Amino acid sequence: MRVLLTGAAGFIGTRIRERLIDGGHDVVAVDAMLPAAHGEDAAPPDDVARVDVRDAAAVADAVAGVDVVCHQAAVVGAGVDAADAPSYAAHNDFATAVLLAQMFGAGCRRLVLASSMVVYGQGRYVCPGHGDVDPVPRTRSDLDAGAFDHRCPICGEPVDWALVGEGAPLRPRSLYAASKVAQEHYALAWSESTGGSVVALRYHNVYGPGMPRDTPYSGVAAIFRSALEAGDVPRVFEDGGQMRDFVHVDDVAAANVAAVEAGTEGFNAFNVCSGKPVSILDVATALCEARGDVSPLVTGQYRSGDVRHIVADPARAADVLGFRAVVDPADGLCEFATAPLRGPALPS
Ligand code: UD1
């Protein structure tokens with residue numbers, strides 16, 4: 001198939017491009033080479049054209065004759081502050097709207113969209129006495145006292161985490177999350193009006209070789225890895241019991257190839273995860289052990305707005321796309337402890 005891959009020079013896009021080419025696909029690779037991701041004045045890699053997806057004319061050229069678009073280009077992460085809003089809206093939401101319009105014009109009716117687990121907000125919780133509950137937000141006094149788990153809105157007891165399925169409500173709690181939900185909604189509306197197919201892949205915590213170094217837009221894996229590289233130790237917030245699903249970039253690439261090759265109709269969303277939840281303390285410990293004689297520091301500090309647990313159900317992606325992660329986080333994190341990272345993404 002002829003595949004337009006946006007964000008092709010990025011951490012995830014680079015791996016997807018390799019996998020698509022290995023799979024015999026004809027890849028039209030584009031990337032805006034945003035300074036926040038690639039540094040100032042970075043040239044695109046060979047065979048990647050510099051295209052900003054907000055540029056309708058450039059997208060019209062790129063999408064001509066394409067069977068499927070694999071849309072990875074985005075501004076990611078938690079951002080710095082509210083001043084980031086126009087950047088998320090422009091690069092994620094407006095660019096997706098431009099892309100969908102140009103796909104419509106070119107007669108291309110298949111989209112694979114990079115989404116994120118951040119669309120779920122706080123995750124899913126179960127009270128031992130009251131079943132599935134919408135937990136009460138964590139209070140400053142609980143957090144200051146080291147009581148990090150959410151409480152049941154009925155009995156006030158701590159609640160347990162549970163796997164989040166794709167049918168969970170979308171509750172964005174950050175600018176980035178809002179932009180990912182908006183992208184999904186534009187794509188859903190496009191699918192309804194054109195009869196096109198959309199596969200939204202909700203990535204969980206992606207890690208692996210080539211991950212950008214620690215920036216204000218980085219997830220915890222890059223932060224811990226960068227600390228170790230600098231001769232520092234990972235600083236684990238709360239009590240380290242926060243549960244996440246760390247999925248290797250090669251598995252994320254494989255999920256994208258499966259989605260590109262899938263024959264799904266209408267709008268479908270899938271969790272892309274390893275299915276092997278791990279605590280943040282275990283991640284820090286695994287990285288430290290792989291590097292030798294260092295241990296993480298559990299600080300007991302917390303970040304307001306952090307999600308306590310967010311852990312996904314991988315079943316639907318396995319059933320419908322045939323995607324199952326093959327990299328066990330225990331192995332992948334061990335490799336990641338010494339894997340090369342990308343150069344500094346932002347001026348220090
Ligand atoms: C992260 C990203 C999110 C992305 C998602 C999937 C942020 C804030 N969130 O979500 O945009 O879509 O991964 O890839 O970038 N922590 C420490 N020490 C640190 C930093 C973080 O213990 O130095 C803890 C945090 O308190 C949190 C956990 O690690 O409990 C995960 O943090 P992080 O990766 O930043 O956020 P996620 O919510 O997992």
Side-chain angles (χ1 to χ4, degrees), residues 10-12 36-37 72 74-81 84 87-88 92 113-123 138 143 146 148-150 161 164 170-181 183-184 200-208 211-230 232-249 251-252 255 271-274 277-288 296-312 329 332-333 336 345-346:
F11 164 49
I12 297 173
Q72 306 295 317
V75 174
V76 300
V80 181
D81 54 33
D84 285 323
S87 173
Y88 285 112
N92 298 1
L113 175 67
S115 186
S116 167
M117 55 113 172
V118 292
V119 299
Y120 298 125
Q122 300 201 119
R138 302 190 290 173
L143 292 165
F148 296 114
D149 276 310
H150 284 284
W161 57 269
V164 179
L170 304 187
R171 292 188 173 152
R173 298 171 75 239
S174 68
L175 294 169
Y176 173 57
S179 77
K180 285 283 142 188
V181 171
Q183 280 186 302
E184 284 202 13
L201 297 176
R202 294 176 180 160
Y203 303 161
H204 284 253
N205 294 66
V206 186
Y207 71 98
M211 195 171 189
R213 281 188 171 74
D214 183 0
T215 78
Y217 303 89
S218 298
V220 69
I223 295 171
F224 285 173
R225 177 68 184 75
S226 301
L228 284 166
E229 191 166 78
D232 219 335
V233 299
R235 297 171 66 81
V236 176
F237 298 148
E238 304 186 13
D239 56 1
Q242 308 93 297
M243 296 300 290
R244 293 291 189 278
D245 188 313
F246 283 78
V247 59
H248 194 275
V249 66
D251 282 324
V252 174
N271 287 323
V272 174
C273 57
S274 72
V278 59
S279 74
I280 296 298
L281 178 56
D282 284 346
V283 169
T285 304
L287 293 174
C288 285
L297 178 67
V298 180
T299 68
Q301 294 166 315
Y302 59 87
R303 298 189 306 198
S304 64
D306 256 347
V307 170
R308 176 62 177 165
H309 307 295
I310 173 93
V311 177
L333 288 167
F336 181 61
L346 291 174

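Note that the numbering runs from 1 along the sequence shown for the chain. Just so it is clear, the structure is predicted and the values come from calculations on it, not from any experiment. One-based numbering, in listed order, for ligands and for the atoms of each.
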(message) With nothing but distance in play, are any N or O atoms of Ser116 less than 3.5 Å from an N or O of ligand 1?
(response) yes
(message) Looking only at distances, can you tell me whether any N or O atom of Glu238, backbone or side chain, sits closer than 3.5 Å to an N or O atom of ligand 1?
(response) no
Please state which part of [X] comes within less than 4.0 Å of ligand 1, counting heavy atoms only: side chain, backbone, both or neither.
| X | value |
| --- | --- |
| Val118 | side chain |
| Ile310 | neither |
| Ile280 | side chain |

Pick whichever of [options] has a heavy atom sitting closest to [atom].
| atom | options | value |
| --- | --- | --- |
| atom 5 (C) of ligand 1 | Met117, Arg173, Arg202 | Met117 |
| atom 34 (O) of ligand 1 | Asp306, Val220, Val298, Val247 | Val220 |
| atom 6 (C) of ligand 1 | His204, Lys180, Met243, Gln301 | His204 |
| atom 32 (O) of ligand 1 | Arg303, Gln242, Arg235, Arg308 | Arg303 |

(request) State, without any angle test, whether Gln242 and Tyr302 hold a side-chain donor-acceptor pair at a distance under 3.5 Å. (result) no
(message) Using a 3.5 Å distance criterion without hydrogens, assess whether the side chain of Asn92 forms a donor-acceptor pair with backbone atoms of Gln183.
(response) no
(request) Please state whether Tyr302 comes within less than 4.0 angstrom of ligand 1, counting heavy atoms only. (result) no
(message) Using side-chain heavy atoms (C-beta onward) and a distance below 4.5 Å, is Val249 in contact with Met211?
(response) no
(request) Please determine if Arg225 and Glu229 form a salt bridge, counting it only when a charged side-chain N lies under 4.0 Å from a carboxylate O. (result) yes
